Structure formats: structure tokens, C-alpha cells
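Let me begin by presenting the structure, written as C-alpha cells, before commenting on it.
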Amino acid sequence: MQLPRPRSLAGQLFAMQVVLVAAVVAGCALFAYFTDRAQAEETAERQVTATARAMADSPSVREAIRSDDPSAALQPYAEHVRVDTGVDFVTIMKPDGTRWTHPNPELIGLPFIGTTEPALLGKTFTETYTGTLGPSTRAVTPIKDDGRITGLISVGITVDRISSQLEGQVKILALAAGGALVLGGVGTYVINARLRRHTHGMNAGELSRMHDYHEAALHAVREGLLMLDGRRRIALINDGGQELLGLDDSAVGRNIDELGLPAPLVGALLASEPRVDEVHMTADRIVVVSTRPVIGGERRGTVATLRDHTELQALSGELDSERGFTHALRSQAHEAANRLHTVVSLIEMGRVDEAVEFATAELELAQVLTDRVVGAVGEPVLAALLLGKAAQANERGVELVLAEDSRIDDGVLPPSLAARDLVTVLGNLIDNAMDAAQGTDDARVTVTALVEDGELLLLRVRDTGPGVAPGDIEEVFRRGWSTRGAERGLGLALVRQAVHRARGTVELTPGRDGGAEFTVRLPLGTRAEPGAGARTPAHPAVGAASGVGAAPDAAESMAGATTDGGERGGS
């Protein structure tokens, strides 16, 4: 048999609130009833005391007592006072308690039923006593004539009459209590109906389990999840989101504009329309952003998902490089075949000496740069990159030169300096320089790679191209800036990002050959973890000569995700 489902949280609260409202209303009603009853009894006591004292001070009463038949004079007077004051009885008696007056004339002359001792001592007092008319609240006071007590007066109101006076008040009180109970019940129902909609009819246990699942899911998902409320504040961010945006737990509750995030990324997060798979750059990451506004009658916020595109971008760049290497090798193979045919033809013509001379010259020309690179650059990743780029440069009619002072021994670079970042930095700078130099007279790209004082890796790339206009120096590292049209301008942005990730600097100055000169310095110490840059002051990514700041201007949204080669500012 299936057990009944526990009452929903809204239902439990409704039941508790109804009981609470009923208890409060009942308590207030009882308090009001007993308060009113006490006030009614107090009013009755004051009324009978005032009436008794007024009659005891009346000269006509003292004069009637001195007469031969006090009852004849006092009975009409007592009844007149009783009717006028609204009390139930007025009894005037001798000091021994014998009645001179009574509402029931048949009881005149009989003993008074009640307490008289305090009055005989000269005191006025009140009591509740059961007499001939039933329980009553009465006052007894002495009648004094020349300091001598000549009689007593008792004035009383029956308890039944006091209760009947309360009946009307109790009815009004009951109606008010009932109205308060109904109003409280209706208000409670309305509030809990709304709560039931918000909690979807779940009980406390289900809500608690959902919260636990929610927390576990947020920490388990590697992709970033970010939620903004209607006031542009971060309502929730998971571990992946914090890592991708370089934030920590203190970001929750803060306005998204206050966190130093790139302007285009902030604009995408605050956009009123959904965004799908937009690529943005931060100081250390390339992230793919998708957003969807939360709308329920009004703008309630935004939910955004973030995916790390950094590794994929790096792999795309490496794939582009491999494609370039393959194309260069294909071209070299074609050239080698032509040269081999030339050597064979010379031999067939019997001109062996010329064939040997031609082949030797070609071998020396091909081997010079190889020997120079291998001898100066012991780091295998950089050496392989330079040889590959040399083949590409030769294919494009550009001379790639390794500066004489270049020297990097094998094992000098620490493991913390990622080889992928070196390929990104140097590869993009050489591609950018070849694009600029291609087509110029004496097209040449000069590369310098050395270690300064055992602390800094220096990479310098100089070209013979047209250079960069002074007004564009601050723009070349911005994502999307290019001299070769739209959908380009990513290479130098990636360079600056990789340099920033390695806590280095990049400087752009006019070159000695008339073109541009990029100088990168990377510390050989321990590198900070990716994403830490947004939580600490950024090291400048561009030197003073260029005036460009460290953090990439992630305000530029990337429409594509591959390294576009072939233009100044974005190879």
C-alpha cells in the first residue's frame, strides 16, 4: 500500500497559521470577556457604594429614623431611589439588622441577610453575597446621627443583572472575534496559495532534498553557470564560473558591473535578448557564452552558461600551424624535385662538376638556417617552431633571420611556462610579421630569442613592413582589430592573453628596419594559475612604449573561434 504523500509546505504552514490565528483570536476574546466582566463588577460596586453613601448622608433619612414609624417614611423613599438609580434593592435597617425597607414589603421587619459587622464599626464596604434575591454585589454603610450609628443602608445589584448587561457585549465580542478569525483565515489562505505556487506544492523534505541536489549539481558541473537577478547582481555562480571569470565567493551579491569583467562580456550577460555561443576573451581565458533572460511578467534576471574555449582555441592555432607546415613541406618537396631533375640533367649532359656544385650550394643554403637555429636554440619546441616558420617564410618570399645574440639552452625554461603558450606567442608574432613584410622590398623578419640574467625569457620579432601608426598602437591587441578586413584580428589578442597568463609583458615599438617590433618578456619563475589574474592587480601586458594596458580588452566579442592568420594586428 502506498503511503500518503506528506502535506506540502504551504499546507503545513496554512494549518499552523489557522491554529495560531484561532488561538490568538480566542485568547483575545477571553481576555476581553474577563476584562469586561471585571469592569462591570467594578462599575456595579461603585454604583451601589455611591447610592448607599448618598442615602446615608441624606437628612431626611436621619429624620425618618428618629420618627415613631421609620418604615412608613423610608419605604417609599427607598423604592423611589431604587427605581431611579437602577439598583435591585435598597434596604434600610436598624443597627441590629431588622429591615425597615425592602423591595418585597413582606420581608420588612425580618432580619437582614448579609454581613453588617464592618458597617457597625463605621466602615463602608462591599461584598458579593446570596440573599433573598439571589447572589448580589452589595454595599453596606452606616447612618450616623450626631456621631452615633442609628441605622444601616445596604444597596445591591444582583449578579444575574450584571451578567445580563455583559450579554450584549459578549455578542459584539463574539461577532468581532468571528470576523477576525474569518479575515485571518482568508488572508492566510491567500498567502499560502501564493506560497504553494512558488514551492510547486512540495513539502519541506522535498525542498531540502532539492537544495542538496542543487548544490551537488552546481559543484559537479564543470561548465560555468552564472545567474543574475533583476538588479544586475550575481545571485549564483558555480565553481566552473568562478574559475572561468577569475572570481571568488565574494562576487555573489555584487553588481556585475563592479567586478572588472570585460565590457562586451558584461554587455552580453545583461542583454535583453538571448545570446547563443558567443565567444569572448577575458584576461586568461576564451569563453563561449550563452544567455537566456528569466522573464515572468517582468525582467527577473539572466541565466548564463560559460564554456572554456581556451584549449580548443590553442589547438586550432596549432592545427593552423601544422597546415602551414604541411603546405610549406609540399612546396619544398616540389622545389626539391625540380632541383633533383636539374642535377640529373646536368649529369646526363656530362657536366658532373656543375651538378656537384649546384647540389652542394642548395644543401648549404638549406642547412645554414637549420644549423643556426639548432645551435642557438636548445629548447626543442622553439627550435621546431622556428624551422617550420622558416619554411613558411621561404614559401611566401620572406627571409626569416635568427638574430646573432639569440641563445636559449635546453632545460632553461621551467615546466610552469607552458610550451603551448610559447607557440601561441612566438608563432602569432612571426605570422603577423610575415604578413606585414610580405610584398615589401627586401622582405625580412628578424627573430631574437634569449634568456636575460637567467630570470626572463625575451622574444623579439621585428619586420620590414609598413609599421603601425601611432594612433593604432593601443588598438592592435584588441580583439577584432585588423588591417585585412572583418572576421580577423585574433592573433595579437591571443598573444596578449598568453603573456598575461604567464605574468609577462609585451611591448610594441617602431622597428629599426622601418616596420614594427614586438618584445615579449616572460618571467621564468612560478607562474600563477589561470584565472588568478582577475583577482589580483594585472601585470602590464604591454610596455610603456605602447601605452596599452595588461588585461585584454575583452570588450570585443569574437564571432569565430580559430586563429586567423594573415594580417597586421591579428595573425
Side-chain angles (χ1 to χ4, degrees), residues 223-228 232-234 237-238 240-248 250-252 254-291 302-314 424 428 474-482 487-506 528-542 546-561 563-564 569-570:
E223 288 75 13
L225 180 62
L226 175 69
M227 296 184 184
L228 302 178
R232 310 173 74 173
R233 298 176 303 185
I234 294 181
I237 184 170
N238 70 343
Q242 292 181 6
E243 181 180 357
L244 291 176
L245 299 181
L247 305 176
D248 53 27
S250 64
V252 177
R254 297 176 59 188
N255 195 294
I256 192 69
D257 297 333
E258 302 173 354
L259 301 177
L261 296 177
L265 177 58
V266 174
L269 294 176
L270 297 179
S272 58
E273 71 281 354
R275 300 292 181 90
V276 180
D277 291 341
E278 284 191 1
V279 183
H280 291 265
M281 294 184 67
T282 67
D284 299 303
R285 301 278 186 171
I286 300 173
V287 295
V288 179
V289 180
S290 297
T291 67
T302 302
V303 176
T305 58
L306 310 170
R307 301 195 308 275
D308 191 357
H309 202 61
T310 308
E311 297 297 323
L312 182 58
Q313 182 67 58
T424 298
N428 279 287
E474 297 183 2
E475 294 292 319
V476 295
F477 291 97
R478 178 176 57 83
R479 168 64 184 96
W481 187 91
S482 173
E487 302 300 326
R488 308 181 73 89
L490 176 61
L492 291 181
L494 293 176
V495 168
R496 183 169 62 174
Q497 188 182 70
V499 170
H500 179 267
R501 192 160 49 237
R503 291 297 177 266
T505 61
V506 55
E529 291 298 324
R535 293 189 291 269
T536 59
H539 291 256
V542 180
S546 66
V548 181
D553 185 0
E556 298 301 323
S557 171
M558 292 189 295
T563 304
D564 50 356

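Predicted, not measured: the structure shown is a model, and the values here were computed from it.
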Exercise for the section: I would like to know whether Ile234 and Ile237 meet side chain to side chain contact (heavy atoms under 4.5 Å, CB included); could you show each step before the answer? Expected result: CA-CA 7 Å; Ile234 294 181; Ile237 184 170; 4.2 Å; yes

Exercise for the section: Might you work through the side chain to side chain contact (heavy atoms under 4.5 Å, CB included) test for Val288 and Asp308, ending with a clear yes or no? Expected result: CA-CA 6 Å; Val288 179; Asp308 191 357; over 6 Å; no

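Of the possible donor and acceptor atoms, none in the side chain of Thr302 sits under 3.5 Å from a partner among the backbone N and O of Leu228. The backbone N or O of Gly224 lies less than 3.5 Å from no partner atom in the side chain of Asn238, so there is not a single donor-acceptor pair.
Here the OG1-CD distance, from Thr305 to Glu223, works out to 8.5 Å after rounding to the nearest 0.5 Å. His280 NE2 to Leu306 CG: the interatomic distance, rounded to the nearest 0.5 Å, is 10.0 Å. How far CZ of Arg496 is from CZ of Arg501: 13.0 Å, rounded to the nearest 0.5 Å. In this structure, CZ on Arg233 lies 8.5 Å from CG on Asn255, to the nearest 0.5 angstrom. In this structure, CG in Leu265 is found 9.5 Å from CD in Glu278, a value given to the nearest 0.5 Å. Note that the CG atom of Leu226 and the OG1 atom of Thr291 stand 10.0 Å from one another [nearest 0.5 Å].
For the pair Asn428/Leu492, no side-chain contact is recorded, criterion being any heavy-atom separation below 4.5 Å from C-beta on. Taking the side chain as every heavy atom from C-beta outward, Met227 and Leu225 approach each other to under 4.5 Å.
Between Arg307 and the choices Asp277, Leu244, Val287, the side chain to side chain contact (heavy atoms under 4.5 Å, CB included) rule is met once, by Asp277.
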